[in-house]
Amino acid sequence: MAPKICCLGAGYVGGPTCAVIAYKCPDVQVTICDLNQARIDAWNSDHLPIFEPGLDDVVKAARGRNLFFTTEVDRAINEADLIFVSVNTPTKKSGMGAGFAADLAYVESATRRIAAVATSSKIVIEKSTVPCRTAESMRAILEANSRDGIRFDILSNPEFLAEGTAISDLMKPDRVLIGSLETDEGRKAQATLASVYSNWVPKEKIITMNLWSSELSKLAANAILAQRISSINALSAICEATGADVDEVSYACGLDTRIGPKFLKASVGFGGSCFQKDILNLVYLSESLHLPEVAAYWHQVVIMNEYQKSRFSQRVVKRLFNTITNKKVAVFGFAFKKDTGDTRESAAITLANNFIKEGANICIYDPKVEEPQIAIDLAETGISTAEYQKRVTISKTPYDAANGADAIVICTEWDEFKTLDYEKIYATMNKPACLFDGRLILDTKKLRAIGFQVEVIGKSVV
Ligand SMILES: NC(=O)C1=CN([C@@H]2O[C@H](COP(=O)(O)OP(=O)(O)OC[C@H]3O[C@@H](n4cnc5c(N)ncnc54)[C@H](O)[C@@H]3O)[C@@H](O)[C@H]2O)C=CC1
Ligand SMILES: O=C(O)[C@H]1O[C@H](OP(=O)(O)OP(=O)(O)OC[C@H]2O[C@@H](n3ccc(=O)[nH]c3=O)[C@H](O)[C@@H]2O)[C@H](O)[C@@H](O)[C@@H]1O
């Protein structure tokens, strides 16, 4: 009989991941739960709580058939054979390890709930990104709190999807990792989960390994990806100072098959909910293991990212004659990357904050981010309501945002920014009209021919 699945956490990972399982395995009942009623209501509506290309079709095909969204966590736990724990693991804000360690409170409370209500044996799957050896703590909690005769097997099955491409990443993953204890029961549980994925993932891409390797592989993959971005961004500073062109350097390096071309696009800085969090987590882990040199090595990836954002902000101010007080700056893009409405750790938040602190009036346009989210993000950086009201406006079109502006700053690489009518935009701007491309997406020659003063990450002023 096909196993029943429950997922605790209906966020960016739990929602799409388990929706794809339901879509690909029509005989598997999948129930996705969350404590947040509004989020579950949205999953059950025509307006899903997250924007992700292809997600609507997957959810529509499976919802009500073998895919269910509910806040009835206890019932879903009890009915399931396999339980994914896909709750948030943010960076701790206070206490031991504040600013670095992962806050495992949500993982622990989900685990305790499973132990408290389960009346039959379960396979519990860590889907959240967690520090190495978290499965051990989960097992201790489950074993200490469960009823007699009930067995829990714990697997690590980290998720590698990227936002904006989540559905294609899930449909055709590079690999699926399943870590387990090296015991007969562990391997049996591993095989049960592998049989679910094997409905659509080729067998050779389903990789089994020990629990701790699997947990660490997730942190390692994110650290290595982010390190590539910080490396190219560090080189972008050298390019700006020397006349080298970062796109050309990246292209030349990427042609080496040992390096490869992906994740070498210079930018205004990486964002997203995970890169920074997971590296800081790795830094904390290294420090806890008394490996200060290792900790410092990974920490530098985050430090470089902060430097990139502040360097770019300063370049904007410098170019605008060393002051942007009361100037209008149009911010194009607020999401942390294109094709998502997610703003978590977006470089645009830091830039907008820096511009406001310099006294600029900023006008933000993003095709997928709504005003309330922008207000929350800026408030979290310390912008007061009064400052926000005075300094920030949100536009419905990029043309409105640029109207009367002294500068446009491209923060997100939305495709639509490549095909705007820049002549029309130029005509409505204050002169000299400056354009700062923080994503290297625009045709600078064309823009200069129109009359723009253009500055690009990783390219010196010509
Ligand atoms: N966002 C991403 O692209 C990726 C995230 N991850 C990891 O996946 C995990 C989840 O991330 P997101 O989905 O982005 O987080 P999220 O914040 O979007 O979703 C987590 C959800 O879990 C719910 N929740 C918390 N405690 C719960 C409980 N006891 N029972 C039921 N629901 C509960 C929250 O209400 C929230 O809706 C994190 O560990 C993250 O590092 C991994 C790969 C990609
Ligand atoms: O654990 C996670 O949360 C996920 O983190 C990243 O996915 P995500 O953050 O959604 O998006 P990415 O495409 O990795 O982009 C992250 C940031 O790096 C930036 N970036 C990416 C690539 C590049 O070459 N240059 C660059 O600046 C993006 O604009 C974005 O701000 C990883 O790519 C996923 O494999 C992982 O599962």
Side-chain angles (χ1 to χ4, degrees), residues 6-18 32-40 42-43 49-50 52 70-74 76-77 83-91 102-114 126-131 134 157-166 169-170 173-175 218-219 221-226 228-233 236 250 254 261-279 281 305 308-309 333 335-340 342-348 411-413 438-441 457:
C6 147
C7 174
L8 302 182
Y12 286 87
V13 168
T17 306
C18 288
I32 305 179
C33 324
D34 207 290
L35 305 173
N36 181 332
Q37 184 71 52
R39 212 160 202 189
I40 290 299
W43 279 110
I50 59 178
E52 196 59 63
T70 180
T71 50
E72 287 183 56
V73 176
D74 293 359
I77 289 175
I83 303 174
F84 284 96
V85 176
S86 188
V87 300
N88 32 333
T89 50
T91 305
D103 182 350
L104 293 175
Y106 302 98
V107 172
E108 176 164 342
S109 109
T111 308
R112 285 186 183 277
R113 198 74 220 145
I114 297 169
E126 273 178 352
K127 185 53 112 174
S128 298
T129 303
V130 288
T134 299
N157 173 222
E159 185 48 60
F160 296 99
L161 68 80
E163 288 179 30
T165 53
D169 293 342
L170 289 164
D174 287 348
R175 77 302 208 187
K218 172 63 197 174
L219 293 182
N222 272 0
I224 292 169
L225 288 169
R228 281 175 71 98
I229 304 170
S230 277
S231 297
I232 199 71
N233 282 344
S236 77
S250 164
K262 293 183 181 167
F263 265 73
L264 283 182
K265 185 81 181 164
S267 68
V268 67
F270 61 73
S273 62
C274 294
F275 277 175
Q276 176 173 307
K277 154 177 97 63
D278 294 346
I279 293 176
N281 191 336
N305 198 48
Q308 187 75 346
K309 290 185 264 184
F336 79 94
K337 62 186 274 197
K338 73 171 182 179
D339 292 340
T340 177
D342 194 352
T343 60
R344 290 178 289 179
E345 304 296 339
S346 177
C411 291
T412 313
E413 73 282 24
R439 291 292 189 164
L440 298 104
I441 54 168
I457 279 275

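Numbers for residues simply follow the sequence, beginning at 1. Only heavy atoms go into these numbers, but all of them, side chains included; no hydrogens, no water, no symmetry mates. First listed ligand is number 1; within each ligand, the first listed atom is number 1.
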Engineer: Check ligand 2 against Lys218 and write out every atom of the ligand that is under 4.0 Å from a heavy-atom position of the residue.
Structural biologist: 1 (O), 2 (C), 36 (C), 37 (O)
Engineer: Numbering the atoms of ligand 2 from 1, which are under 4.0 Å from a heavy atom of Ala162?
Structural biologist: 7 (O), 10 (O), 11 (O), 33 (O)
Engineer: Distance to 0.1 Å, residue and atom name: give those for the protein heavy atom nearest to atom 25 (C) of ligand 1.
Structural biologist: Asn88 OD1, 3.5 Å
Engineer: Which residue and non-hydrogen atom of the protein lie closest to atom 38 (C) of ligand 1, and at what distance in Å?
Structural biologist: Thr89 OG1, 3.5 Å
Engineer: Starting from atom 23 (C) of ligand 1, which protein heavy atom do you reach first, and at what distance in Å?
Structural biologist: Asp34 OD2, 3.2 Å
Engineer: Out of Asn222, Thr129, Val130, Val13, whose heavy atom is nearest to atom 5 (C) of ligand 1?
Structural biologist: Val13
Engineer: Taking both backbone and side-chain atoms of Thr129, is any N or O found less than 3.5 Å from an N or O belonging to ligand 2?
Structural biologist: no
Engineer: Is the backbone N or O of Ala10 less than 3.5 Å from a side-chain atom of Trp43, with the two atoms forming a donor-acceptor pair by type?
Structural biologist: yes
Engineer: Would you please determine whether Arg228 falls within less than 4.0 Å of ligand 2 on a heavy-atom basis?
Structural biologist: no
Engineer: Which is it for Ala110 and ligand 1 at heavy atoms under 4.0 Å: side chain, backbone, both or neither?
Structural biologist: both
Engineer: Take a 6.0 Å sphere around OH of Tyr106 and say whether it holds more than 12 heavy atoms from other residues, nucleotides or ligands.
Structural biologist: no
Engineer: Any nitrogen or oxygen of Lys127 lying under 3.5 Å from a nitrogen or oxygen in ligand 1? Just yes or no.
Structural biologist: no
Engineer: Identify the closest protein heavy atom to atom 12 (P) of ligand 1: which residue and atom is it, and at what distance?
Structural biologist: Tyr12 N, 3.9 Å
Engineer: For atom 27 (C) of ligand 1, grab the closest protein heavy atom and report residue, atom and distance to one decimal in Å.
Structural biologist: Val87 CG1, 3.5 Å
Engineer: Exactly one of Lys218, Arg175, Lys127 should register a salt bridge (charged side-chain N to carboxylate O under 4.0 Å, His left out) with Glu159. Which one does?
Structural biologist: Lys127
Engineer: Heavy-atom contact under 4.0 Å between Arg439 and ligand 2?
Structural biologist: yes
Engineer: Side chain, backbone, both or neither: which part of Arg39 has a heavy atom under 4.0 Å from ligand 1?
Structural biologist: side chain
Engineer: May I ask you to list the atoms of ligand 2 that are less than 4.0 angstrom from any heavy atom of Ser267?
Structural biologist: 26 (C), 27 (O)
Engineer: From the options Asp339, Val268, Ile229, select the one whose nearest heavy atom is closest to atom 20 (N) of ligand 2.
Structural biologist: Ile229
Engineer: Would Glu163 count as being in polar contact with ligand 1, using the rule that some N or O on each side must be under 3.5 angstrom apart?
Structural biologist: yes
Engineer: Go through ligand 1 atom by atom and flag the ones less than 4.0 Å from a non-hydrogen atom of Ser109.
Structural biologist: 29 (N)
Engineer: With respect to atom 40 (C) of ligand 1, which of Gln37, Lys277, Glu159 exhibits the smallest heavy-atom separation?
Structural biologist: Lys277
Engineer: Backbone, side chain, both or neither: what part of Ser273 comes under 4.0 angstrom of ligand 1, heavy atoms only?
Structural biologist: side chain
Engineer: Check each atom of ligand 2 against the heavy atoms of Cys274 and keep those under 4.0 Å away; list them by number with element.
Structural biologist: 1 (O), 2 (C), 3 (O)
Engineer: Applying a heavy-atom cut-off of 4.0 Å, say which part of Glu159 lies close to ligand 2: side chain, backbone, both or neither.
Structural biologist: backbone
Engineer: Nearest to atom 28 (C) of ligand 1, what protein heavy atom do you find, and at what distance?
Structural biologist: Leu35 CD1, 3.6 Å
Engineer: Taking heavy atoms and a distance under 4.0 Å, where does Arg344 meet ligand 1: side chain, backbone, both or neither?
Structural biologist: side chain
Engineer: Among all protein heavy atoms, pick out the one at the shortest distance from atom 32 (N) of ligand 1; state its residue, atom name and that distance to 0.1 Å.
Structural biologist: Gly9 N, 3.5 Å
